[in-house]
Asker: 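Before I ask anything, let me first share the structure, which is written out below as structure tokens.
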Amino acid sequence: MSDETINELILRRHEKLKEFRDKGMDPYGEKYPAAHQAAEILNDFEALDGKEVSISGRLMTKRGHGKAGFANIQDDTGQIQVYARLDDLGKDNYECYQLLDIGDIIGVQGSVFKTRKGEVTVAIKDFRLLSKALRPLPEKWHGLKDVDLRYRQRYMDLIVNPEVKKVFILRSKIIQAMRDYLNERDFLEVETPMMHTVTGGADARPFITHHNTLDIDLYLRIATELHLKRLLVGGYNKIYELGKVFRNEGISTRHNPEFTSLEVYQANTDYFDMMSLTEEMIHKISRQIFGSSSITYQGEEMDLTPPWPRLTMLEAVKKYADVDFSTIITDEDSREVAQKMNLEIDKKATRGEIINLIFEEYVEKHLGQPIFILDYPIEVSPLAKRKKEDPGFTYRFEAFMACSEIANAFTELIDPVDQKERFTKQAEKRAAGDEEAHMMDEDFVTALEYGMPPAGGLGIGIDRLIMLFTDSPSIRDVLLFPTMRPRD
RNA sequence: GGGCCAUUAGCUCAGUUGGCAGAGCACCUGACUUUUAAUCAGGGUGUCCCAGGUUCGAGCCCUGGAUGGCUCACCA
């Protein structure tokens, strides 16, 4: 906002800045020893009635009555009314009070009382200007609605829209609860590199950056998976990483180029154990933070009580798309089915790819209540262990809620020879133009060759989960500073 | 990237058939010492997103562009 649109409102505030200085009050003062907070005074009125308190916060409203006036001060805990009287403040201080603008941050010291109408109020004995606001705040009643401005100038959104502030407090609490859950169970939080020489762990196009001294291009990570598994090779048995990953793809209400993922790995477990962990952790967070086993998202109530229903992908496709792949065995027959369903497919599409496509087209939209979908085709699961009894599928599940994938997990592929073959197939796809296919990660295969213990792994899209918990329709509502195209 | 919609005062929004640019809040002046969307009297503060075009005349119609929202595609 460097384009100084010096309009009358801003100009007037600059004048007041000078007036405060002329009156000997520093408009950008020092730290204020506030001993109380707004919510505390409101809650403990009985104890504080008639007592001296001090608070600091932002002036949000002002109601003048000549030789007295009311105002509301907003601090981190909420708003409280203050009362200024000429008789209490004296002529000079009262003139200063009258000079205050909505938006200014002030420190107030005074005594607590209740007005005739019953509102807990602080009668000001002394106040100090702590920070003069030079720009006017949005309107008090409608707040700031323009979503563009809300995202670009989130600080303003947070000042005037209290429910927005709540969302991010909840976000913090949910993430904290996850950490607590895992830490209590002796998982170790680790940090792995965000800049990779080879990307992997997900189907996605990466961001590319450059290291000057090494003179090499680096990729911002698209997942934490391959490094975390290296740590299982190294001997850690229970680890997790919670952090940002970056995918160079479209932006939508469900996608932001950078987002937060949680990945958890545990030796000597399989995907059934990861299912238990997923449903138990999410249920427990809901109980702990919202005091309920169910949440309501966009009008639909969802029961999080474990165990969640489980369907294999084949069962789900049969149930919702009415296609029974137990009798469709070859790739040719599968392609024929896909054509009959008017699905756009590649000439070389395999049975597994078609099953996955039908699942995405016909099944996902039905998965409103929490559910685990098990056993994904091997073609779309290059890092998951092959099913012993059905080698075209893997021990992989995804958890769905509100028709949205919120977790992805598998019994990890630990066979280095199989892994190398899968990478080779992915590399072929990549060479054929599929920019989202996985890259060959030689070092990861080498790590597996030293022996990785059998393990289950789990990934959760934290932002999507927080959308559900906070009933937010857009991922931007749970990101403090969502990615925006720059102005001009 | 495609489609649809939006963009007017600091904020929230009206704006008729193409004919002087509007309201509420905020702000400014005055009154008011327990108000609370304070009230009362007065004041309109503007690059109508940008650039062209049509027209005697454009906030409005046309073309192109910018940004955002929704949606489809892609993904998580």
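The figures that follow rest on heavy atoms only: side chains count, while hydrogens, waters and symmetry mates do not. The sequence lines fix the lettering, A, B, ..., with proteins before strands; numbering per chain opens at 1. Remember, predicted model here, so these are calculated numbers, not experimental data.
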Asker: Could you tell me which non-hydrogen atom of A:Lys91 sits nearest to which non-hydrogen atom of A:Leu86, and how far apart they are?
Answerer: CA-CD1, 3.9 Å
Asker: Kindly indicate whether the side chain of A:Asp148 and the base of B:rU67 share any N or O donor-acceptor pair separated by less than 3.5 Å?
Answerer: no
Asker: For A:Thr61 and A:Ala68, find the nucleotide of RNA chain B closest to each by heavy atoms; which residue's nucleotide sits nearer the 5' end?
Answerer: A:Ala68
Asker: Might you point out which heavy atoms bring A:Tyr97 and A:Ala71 nearest each other, and give the distance in Å?
Answerer: OH-CB, 3.7 Å
Asker: Taking the side chain of A:Lys140 as heavy atoms from C-beta outward, which of B:rA37, B:rC70, B:rA76 is closest to it?
Answerer: B:rA37
Asker: Any strand is fair game: report the nucleotide pairing with B:rA31 by Watson-Crick or G-U wobble, both distances under 3.5 Å, or none.
Answerer: B:rU39
Asker: Which part of the nucleic acid, if any, lies within contact of A:Asn256, taking any heavy atom under 4.0 Å across all strands shown: a base, the sugar-phosphate backbone alone, or nothing?
Answerer: base
Asker: Within the 4.0 Å heavy-atom criterion, would you say A:Leu9 contacts the bases, only the backbone, or no part of the nucleic acid?
Answerer: base
Asker: Side chain of A:Asp101, heavy atoms from C-beta onward: which of B:rU12, B:rG68, B:rC28 has the nearest atom to it?
Answerer: B:rC28
Asker: If I take atom CE in residue A:Met484 and atom C1' in nucleotide B:rU67, what distance separates them, rounded to the nearest angstrom?
Answerer: 8 Å
Asker: Just name whichever nucleotide pairs with B:rC25, Watson-Crick or G-U, keeping both distances under 3.5 Å, else none.
Answerer: B:rG10
Asker: Starting at CH2 of A:Trp141 and ending at C1' of B:rU36, how long is that distance when rounded to a whole Å?
Answerer: 10 Å
Asker: By nearest heavy atom, map A:Thr121 and A:Leu144 onto RNA chain B; which one lands nearer the 5' end?
Answerer: A:Leu144
Asker: In this structure, which one of A:Lys125, A:His36, A:Glu52 forms a side chain to side chain donor-acceptor pair (under 3.5 Å) with A:Gln109?
Answerer: A:Glu52
Asker: Are the ring of A:Phe259 and the base ring of B:rA76 both nearer than 5.5 Å at their centres and tilted by less than 30°?
Answerer: yes
Asker: Across the strands shown, which category fits A:Arg247 at heavy-atom distances under 4.0 angstrom: base, sugar-phosphate, nothing?
Answerer: base
Asker: Would you mind reading off the distance between A:His142 atom NE2 and B:rA37 atom P, rounded to a whole angstrom?
Answerer: 14 Å
Asker: Contact class for A:Lys62 vs. all strands (heavy atom < 4.0 Å): base, sugar-phosphate, or nothing?
Answerer: nothing
Asker: Could you give the CG-to-C1' distance, from A:Leu86 to B:rC32, as a whole number of Å?
Answerer: 13 Å
Asker: Looking at B:rU34, does its base get a donor-acceptor pair with the side chain of A:Glu119 below 3.5 Å?
Answerer: no
Asker: Sort out the partner of B:rG68 for me: Watson-Crick or G-U wobble, both distances under 3.5 Å, none otherwise.
Answerer: B:rC5
Asker: So what's B:rU63 paired with, Watson-Crick or G-U wobble, going by both distances under 3.5 Å?
Answerer: B:rA51
Asker: Take the protein atom CG of A:Asn7 and the nucleotide atom P of B:rU47, then report the distance between them rounded to whole Å.
Answerer: 9 Å
Asker: Is the closest side-chain heavy-atom distance between A:Asp346 and A:Glu353 below 4.5 Å?
Answerer: no
Asker: With the side chain counted from C-beta on, respond yes when A:Met302 and A:Leu468 share a heavy-atom pair under 4.5 Å apart, and no when they do not.
Answerer: yes
Asker: Output the rounded distance in Å from CZ (A:Arg135) to C1' (B:rA26).
Answerer: 15 Å
Asker: Just call it for A:Ile406: base, sugar-phosphate, or nothing, with non-hydrogen atoms closer than 4.0 Å on any strand.
Answerer: nothing
Asker: Rounded to the nearest Å, what distance is computed from the CD atom of residue A:Glu360 to the P atom of nucleotide B:rC72?
Answerer: 14 Å
Asker: Has A:Arg154 got its NZ or CZ under 6.0 Å from the middle of the six-membered ring of A:Phe481, at an angle within 45 degrees of the ring axis?
Answerer: no
Asker: Contact class for A:Arg254 vs. all strands (heavy atom < 4.0 Å): base, sugar-phosphate, or nothing?
Answerer: base
Asker: Per the atom types in the model, does the base of B:rU67 pair as donor or acceptor with the side chain of A:Arg485 at under 3.5 Å?
Answerer: no
Asker: So A:Thr253, base contact, sugar-phosphate only, or nothing? Heavy-atom distance under 4.0 Å.
Answerer: sugar-phosphate
Asker: Is A:Tyr151 touching bases, backbone alone, or none of the nucleic acid, heavy atoms closer than 4.0 Å?
Answerer: sugar-phosphate
Asker: Above 12 or not: heavy atoms from other molecules or residues under 6.0 Å from NZ of A:Lys166?
Answerer: no
Asker: How many whole angstroms separate atom OH of A:Tyr155 from atom P of B:rG10?
Answerer: 16 Å
Asker: Between the base of B:rU34 and the side chain of A:Arg116, is one N or O donor paired with an acceptor at under 3.5 angstrom?
Answerer: no
